[in-house]
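Note that the structure is predicted; figures quoted are calculated from it, not measured. Numbers here are sequence positions counted from 1.
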Amino acid sequence: MSKNVLIISSSLRNHSNSEALAQKFMQGALDAGHKAEIISLKGKKIGFCTGCLACSNTQKCVIRDDSTYITEKMLNADVIAFATPVYYYGMSGQLKVLLDRANPLYSSDYKFRDICLLACAAEDEKTTVDGTVTGIMGWIDCFSKVELKGTVFAGGVNDAGDIKGHNALEKAYALGQQL
């Protein structure tokens, strides 16, 4: 069955390593017959959540910016993949702000069931991505019908393009195909 796959790329750098993972994941999903698109947070205006909780009753955020469009895309996706650089052992700040602003989804009739994490970092220790996984799991745990389908981590990539030839690209492609 064909799925609607949304990939949210949170790197703000041109030709970023996490963007390369997002592209490979998307290619795997497309080759498996799914519909897939990437939304980049680069150039998007996404303000901080104010904690007003109006969205709990309305399923809409009172702040009107680019997160409104992205959250609507998230609502209707079957699968969401988050691509992020790992900064100080956590997800990028812009991805965290988006997840906070996706609060209207909690009380909605969301379609997504599977979440994937695509992460890159200069550090190459296995534990480098643990904080990012914990942050994503904190968000996932708020949705009773959702699970982390898989994580792809590319360590040892610092400068734009360092990921070229990294085995994480093959893993991202395979994860996209397995949806």
Side-chain angles (χ1 to χ4, degrees), residues 1-44 67 69-87 90-92 94-96 98-99 102 105 110-124 126 128-141 143 145-179:
M1 182 169 94
S2 179
K3 295 180 181 177
N4 181 17
V5 180
L6 177 65
I7 303 128
I8 297 174
S9 179
S10 67
S11 179
L12 302 181
R13 179 166 60 175
N14 291 328
H15 311 293
S16 75
N17 297 305
S18 56
E19 179 76 18
L21 278 182
Q23 291 288 338
K24 277 296 192 182
F25 178 85
M26 182 172 77
Q27 190 60 56
L30 290 170
D31 288 351
H34 302 297
K35 180 183 169 194
E37 73 172 304
I38 295 175
I39 293 178
S40 173
L41 298 187
K42 186 178 359 174
K44 301 291 188 290
S67 75
Y69 164 77
I70 298 168
T71 302
E72 186 70 26
K73 288 282 201 175
M74 293 169 73
L75 173 72
N76 294 305
D78 298 306
V79 177
I80 303 172
F82 298 112
T84 184
V86 175
Y87 297 141
M91 72 183 84
S92 68
Q94 49 275 17
L95 179 55
K96 175 63 171 103
L98 177 66
L99 293 180
L105 295 174
Y110 56 88
K111 285 182 63 181
F112 55 93
R113 298 296 181 262
D114 295 328
I115 302 294
C116 298
L117 175 62
L118 311 168
C120 296
E123 283 286 324
D124 62 358
K126 267 185 146 177
T128 301
V129 75
D130 289 355
T132 303
V133 171
T134 298
I136 292 293
M137 286 304 303
W139 187 78
I140 290 171
D141 287 345
F143 298 94
K145 300 178 265 186
V146 180
E147 69 178 346
L148 182 62
K149 175 88 171 168
T151 299
V152 175
F153 173 61
V157 296
N158 187 45
D159 296 329
D162 278 354
I163 199 167
K164 186 176 180 181
H166 198 290
N167 69 351
L169 292 169
E170 294 171 23
K171 291 177 181 178
Y173 179 85
L175 183 58
Q177 275 200 312
Q178 295 166 9
L179 300 175

Any residue meeting side-chain contact (heavy atoms from CB on, under 4.5 Å) with Lys73, in chain and number order, not counting sequence neighbours: Leu6, Glu37, Ile39, Tyr69
Flag for Glu19-Ser9: side-chain donor and acceptor within less than 3.5 Å: yes
Separation of Thr132 OG1 from Ile136 CD1 (nearest 0.5 Å): 7.5 Å
Salt bridge (charged side-chain N to carboxylate O under 4.0 Å, His left out) pairs, two or more places apart, involving residues 155-168: none
Residue pairs fulfilling side chain to side chain donor-acceptor pair (under 3.5 Å) with at least one residue in residues 168-179, sequence neighbours excluded: Asp31-Tyr173, Tyr173-Gln177
Pairing residues for Ala121 by the side-chain contact (heavy atoms from CB on, under 4.5 Å) criterion, not counting sequence neighbours: Val86, Thr128, Phe153
Partners passing side-chain contact (heavy atoms from CB on, under 4.5 Å) against Asp114 (at least two apart in sequence or in another chain): Lys3, Val79, Glu147, Lys149
Min side-chain heavy-atom separation Leu118-Phe82 under 4.5 Å: no
Trp139 and Phe112 aromatic ring geometry - parallel, tilted or perpendicular at 30°/60° bounds: parallel
Leu75 side, atom CG; Ile70 side, atom CD1 - distance, nearest 0.5 Å: 14.0 Å
Ser92 and Ser10 side chains, donor-acceptor separation under 3.5 Å: yes
Interatomic distance, Gln94 atom CD to Lys42 atom NZ [nearest 0.5 angstrom]: 11.0 Å
Residues Lys111 and Asn4: side-chain donor-acceptor under 3.5 angstrom: no
Partner residues of Thr151 under the side-chain contact (heavy atoms from CB on, under 4.5 Å) criterion, sequence neighbours left out: Leu117, Val133, Leu148
